[in-house]
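Lettering follows sequence order; numbering is per chain, from 1. The figures that follow rest on heavy atoms only: side chains count, while hydrogens, waters and symmetry mates do not.
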There are 2 protein chains.
Amino acid sequence: MPFTAYDSETCSIARTLALVGDRWSLLVLRDVASGVRRFDELAGHLGIARNVLSERLRRLTDAGLLERVAYRDEGVRARHEYRLHGPGRELVVILAAFLTWGDRHLAGPEGPPALLRHADCGAPVHLTLSCDEGHDLGPRPRLRLEPGPGSRPRP
Amino acid sequence: MPFTAYDSETCSIARTLALVGDRWSLLVLRDVASGVRRFDELAGHLGIARNVLSERLRRLTDAGLLERVAYRDEGVRARHEYRLHGPGRELVVILAAFLTWGDRHLAGPEGPPALLRHADCGAPVHLTLSCDEGHDLGPRPRLRLEPGPGSRPRP
DNA sequence: GCAGCTGGGTTTCAGAACGCAACCTATCCG
DNA sequence: CGGATAGGTTGCGTTCTGAAACCCAGCTGC
């Protein structure tokens, strides 16, 4: 049964992209994961239009990837900030995949523009793809995507 | 030095997203990686507008992620198809990251809609994030993104 | 006690991107 | 010659995005 016989949108890749696959969501998540948590900081750092940022934060919060947390600096009224939440914390693996690819193929001669480290021990981090037989698949893995139990035929 | 002091667009995540971070590119790459290589098949399976598909294929080809390969079925004139090429073959790691996340958080009770297997041995594939000290970081890694040698201050 | 500042947005409107359908064009077959 | 078909391109209307202005609540200084 060819891949084309199955519904494109049911695939987990498509579903995940529908959630965070626009031009800004992953950058917002990157910044939040890096400690940029407040609206104005995000808007300033990302260069995103404020209405778009507002809409993205709402969507990501509604989806449970971010949480709004109240905080209060001294002498200022209570405000709130955004933090990674629940499943959102696992999205950093996707960010790491983008970072790794970009470092390998888009970095200039000066080297990678950002480094990803293990927060606990400070060592650089790397992503490996391996199969349940224990083979390491390397950077250019030979893979096959096939319909799984939750697949649906194309409408 | 806070993360906000560094240019958002220089980051490898941002650069990679600028290349493939629109609503369709990664789905096109998923399909091409899965053996859907011809224009009409892609258009039909993805449900993408033909002009948009045309433009995406050109961009991805220009960027060196896809190559156009001539082929000829019997009794039909020569045509061409698209295949993953060079750095494009390494993008499947990003697709695997999306798939893994979607399987964990967006799959229904029936199970994952698609399975990713090692083409050589047929075993399911998984992604692991580990640090150079050898710690396995698990699905919710505690990471720190910091400016690297190629970083630039914010303009 | 009120003017101004600040964080965190919403509103408005123009321009870019997208989706749909129609059309074009080689080539091969009958 | 007249389809059939793969692989696009063109034109047009709708939707999404971006920039900038505006709003609003609460603190602070005067």
For B/Glu41 and D/dG7, give me the distance from atom CD to atom P, rounded to whole Å.
8 Å

Check this for me: does any side-chain nitrogen of one of A/Asp31 and A/Arg37 sit under 4.0 Å from a carboxylate oxygen of the other?
no

Given side chains that start at C-beta, do those of B/Leu46 and B/Arg30 come closer than 4.5 Å, heavy atoms only?
yes

Could you tell me which residues satisfy side-chain hydrogen bond (donor to acceptor under 3.5 Å, both in side chains) with A/Asp22, sequence neighbours excluded, listed by chain and number?
A/Ser25, A/Arg56

Please confirm whether the shortest side-chain N or O distance from B/Ser54 to OP1 or OP2 of D/dT9 is below 4.0 Å.
yes

Flag the pair B/Arg154 and B/Asp7 as a salt bridge only when some basic side-chain nitrogen lies within less than 4.0 angstrom of an acidic carboxylate oxygen.
no

Take the protein atom CZ of B/Arg79 and the nucleotide atom P of D/dA6, then report the distance between them rounded to whole Å.
7 Å

Nearest to side-chain heavy atoms of B/Arg68, which nucleotide of C/dG8, D/dG7, D/dG8
D/dG8

B/Leu84 vs B/Leu65 side-chain heavy atoms within contact, under 4.5 Å:
no

A/Arg58 side chain N/O closer than 4.0 Å to the phosphate oxygens (OP1, OP2) of C/dT10?
yes

Distance test, side-chain N/O of B/Tyr82 to OP1/OP2 of D/dA6, below 4.0 Å:
no

Does the side chain of A/Asp132 come under 3.5 Å of the side chain of B/His126 through a donor N or O and an acceptor N or O?
yes

Could you check whether B/Glu9 pairs with B/Arg15 (Lys NZ or Arg NE/NH1/NH2 to Asp/Glu carboxylate O, under 4.0 Å)?
no

Rounded to whole Å, please give me the gap between NE2 in A/His80 and P in D/dA25.
15 Å

Round to the nearest Å and state the distance from A/Glu81 atom CD to C/dG8 atom C1'.
13 Å

Between C1' on D/dA6 and CZ on B/Phe39, what's the gap in Å once rounded to a whole number?
10 Å

Could you state the atom-to-atom distance from CG of A/Leu57 to P of C/dG7 in whole Å?
16 Å

Base versus backbone protein contacts along nucleotides 12-21 of chain C [heavy-atom cut-off under 4.0 Å; B, S, -]:
B-----SBB-

Rounded to whole angstroms, how far apart are CG on A/Leu42 and C1' on C/dG7?
13 Å

